[in-house]
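Not measured: the values here are computed from a predicted model.
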Amino acid sequence: MVSKKMTELQPWECLMKRIVWKQLGDIRDKKILDFGSGIGVTANYLAEHNDVTAIEPDEDSIKERWADNLYTQITGSNDELRRFADESFDMIICHNVLEYAKDRENIIKEFARILKPDGKISIVKHNRAGRVMQMVVLLNDFEHAQSLLDGNDGMASKYGAIHYYEDADIEKWCTELVIMKTFGIRTFWDMQQNQEIHKDADWQDKMEEIEMRVSDMDGYKDIAFFHHLMLEKR
């Protein structure tokens, strides 16, 4: 069941959270860092059964944060990572953040430092191939599609330039980390252009079911709009 509060989100964001949380699985009694926590939807969700610390630089987002469950909220960015001791966290969450970060290589290295030896990192990122498909099929923006194929950055209305990177780049930035699993997210649902049906709870449930079914299937995840990477230390 989707909580009443989740329905306050835009349909696309609600579905995104539901799918990511299912891919994460049941997490309990862990010490978790949510880096780039936004308004705290995921931090709040995980804090029901875990000890969560959230870091977010945007003060306006923090003012609006969800806090039904108790968690530690820090206002700040990269520098805050250096304050944590080595091997402090069982899990690190970093969803839709690194595309907008200038110092992402050092962020990844800090993640590896503060992650426990048996810990996990969850990264959600834009997938360039999915974005190209969106430009061509949905928006008829062939110029933008060609630019993305040439390796150029994209643009997000709220956050500015999207500095794309490949999944494997993370392992290059920090050789301590290895990608254990790659999931696709948003393979199908943006293709449905009837925006009203997006708000229908039954439609959302059916879309979540089929998105979950293909999220770990080659071919489908290759063209998903987002990738969800699960990493561990080597």
Evaluate whether atom [atom1] of [X] has more than 12 neighbouring non-hydrogen atoms of other residues, nucleotides or ligands under 6.0 angstrom away.
{"X": "Q10", "atom1": "CD", "answer": "no"}
{"X": "I197", "atom1": "CD1", "answer": "yes"}
{"X": "F84", "atom1": "CZ", "answer": "yes"}
{"X": "K30", "atom1": "NZ", "answer": "no"}
{"X": "L70", "atom1": "CG", "answer": "no"}
{"X": "E209", "atom1": "CD", "answer": "no"}

>> For E8, is there an ion pair with K5 - N to carboxylate O distance below 4.0 angstrom?
In response: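 No, this pair does not count.
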> Aromatic rings H198 and W203: how do their planes relate, parallel, tilted or perpendicular, breaks at 30° and 60°?
Replying inline: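 The arrangement is parallel - the two ring planes meet at less than 30°.
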>> K233 and side-chain contact (heavy atoms from CB on, under 4.5 Å): which single residue from V178, L115, D118, I121 fits?
In response: L115
> What's the shortest heavy-atom distance between M230 and F183, and which atoms?
Replying inline: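 Minimum heavy-atom contact is CG-CE1, 4.2 Å.
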> Regarding S37 and D34, is there a side-chain donor-to-acceptor distance under 3.5 Å anywhere?
Replying inline: no
Checking the side chain of [X] only, and the main-chain atoms of [Y] only, is there a donor and an acceptor separated by less than 3.5 Å?
{"X": "N127", "Y": "H227", "value": "no"}
{"X": "D200", "Y": "D202", "value": "yes"}
{"X": "R186", "Y": "W12", "value": "no"}
{"X": "E171", "Y": "I179", "value": "yes"}

> E208 versus I19: any side-chain heavy-atom pair under 4.5 Å?
Replying inline: yes
>> Taking the ring centre of each residue, are F226 and H126 less than 6.0 Å apart?
In response: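 So the answer is yes for these two rings.
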>> I need the full list of salt bridge (charged side-chain N to carboxylate O under 4.0 Å, His left out) pairs touching residues 126-143, with sequence neighbours left out, sorted by first then second residue.
In response: R128-E166
